[in-house]
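Working notes, beginning with the structure itself.
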Amino acid sequence: MRTIALILLVNCLLIVLAESSTQQQVEKVKNVGCDRLGNFEERFANLAESIASNFTALSERIAKLKKLIETLTMSQESLNKGIISDASTVCNNSNQHGPIITSCKVPSTSGVFRMHNPNAQVFCEMDSFNGGWLVIQQRVDRALDFNRSWAEYRDGFGTVDKNGSFWLSLEAVHQITSRGSCELAVEMKDGSGRYQYARYSQFGVAGEDDKYRLTVGGYSDSERAGDMLSHHNGMKFSTFDDNNDPGDIKCAQRFGGWWFKKCFLCNLNYPDGGTWHPFTNEEFILSYTRMMIRCE
């Protein structure tokens with residue numbers, strides 16, 4: 001009996017030891033698993049923090065990029081709109097690009113430029129009369145029709161170029177001359193190629209609400225073409241569809257757009273070519289004309 005009891009006691013001890021060992025193994029596995037889980041959670045937290053940080057930086061860059069795009073879009077819209085809001089086009093030009101300038105005093109050579117204010121394509125003459133001139137009218141031949149409507153003279157027509165015939169927008173000329181003192185130079189050639197010019201120290205054009213009324217004075221170079229334009233000082237502009245001539249004759253219906261005063265002593269927009277009495281007469285009109293302004 002004692003032997004059996006001893007055997008049973010030993011078996012019980014073995015069972016207890018086995019259970020103890022198994023429990024230790026389980027605890028060991030649990031501890032390892034917890035350590036690994038804790039390490040994984042730490043790594044996941046670090047990764048999440050890094051992703052959040054990168055996402056924040058990316059969001060800030062996207063916001064800055066959107067703001068830059070909005071700014072550029074607004075600038076482009078402002079440039080496209082310009083000051084001349086009523087004009088569908090300044091002139092009918094094939095070349096709509098060029099260096100942007102604020103004045104014809106900026107370029108060093110003659111050429112076509114894009115003026116920033118007003119938004120217009122212009123030709124700057126840098127060789128004649130010490131340079132700095134903005135050409136507002138030019139006729140190199142009789143091909144381009146100058147008998148145009150009010151809207152066309154207001155907005156401009158022709159091809160702005162060294163060798164092109166064109167009329168620069170009256171609205172643009174008004175905006176340019178209203179900012180400061182301007183002078184005018186008029187160049188002309190008759191049918192035989194004789195060259196003459198006239199210069200005026202004062203030149204300005206009022207706004208459309210005053211029918212682009214002409215202000216001109218201070219004639220010089222009296223030995224040249226003669227002072228014919230002063231006769232038209234104070235006159236409103238007229239076209240065949242908007243007559244503002246104080247006389248009874250509707251001059252613009254016959255003689256194109258101009259500052260008529262009971263018709264004219266000079267008219268560089270005469271349908272078949274410019275006139276400037278007494279340098280020309282109705283039988284012997286101008287083959288080339290150019291009007292240029294230079295402003296302070």
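Since the structure is predicted, the reported quantities are computational estimates derived from the model, not experimental observations.
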Candidate pair Y197 and F129, rule ring-ring contact (aromatic ring centres under 6.0 Å, His included), full reasoning = CA-CA 11 Å; Y197 68 89; F129 308 120; 5.0 Å; yes
Across all chains, not counting sequence neighbours, the side-chain contact (heavy atoms from CB on, under 4.5 Å) partners of E125 are S110, F123, D127, S128, W133, V135, R290, M292
Would you call R154 and E171 a salt bridge, taking side-chain N to carboxylate O under 4.0 Å as the test?
-> no
Count the heavy atoms belonging to other residues, nucleotides or ligands that lie under 6.0 Å from CZ of R179, then report whether that count exceeds 12.
-> yes
R142 (side chain) donor-acceptor with D272 (main chain) under 3.5 angstrom | yes
Flag this pair as yes if the NZ/CZ of R139 is under 6.0 angstrom from the six-membered ring centre of F146 and inside a 45 degree cone about the axis; otherwise no.
-> yes
Answer yes if V186 and Y288 sit in the same cluster of Ile, Leu, Val, Met, Phe, Trp and Tyr residues linked by side chain heavy atoms under 4.5 Å apart, and no otherwise.
-> no
Nearest heavy-atom pair of T215 and N233: which atoms, and what distance?
-> CA-OD1, 3.3 Å
Judged by atom type as modelled, is there a donor-acceptor pair below 3.5 Å linking the side chain of Q175 to the main-chain atoms of N117?
-> no
With K211 as the cation and W150 as the aromatic partner, state whether NZ or CZ is under 6.0 Å from the six-membered ring centre and within 45° of the axis.
-> yes
Do the rings of H232 and W258 sit parallel, tilted or perpendicular, given the 30° and 60° boundaries?
-> perpendicular
Would a hydrophobic clustering, with Ile, Leu, Val, Met, Phe, Trp and Tyr connected at side-chain separations under 4.5 Å, put Y212 with F240?
-> no
Taking atom types as modelled, find out whether N269 and Q137 have a side-chain donor-acceptor pair closer than 3.5 angstrom.
-> yes
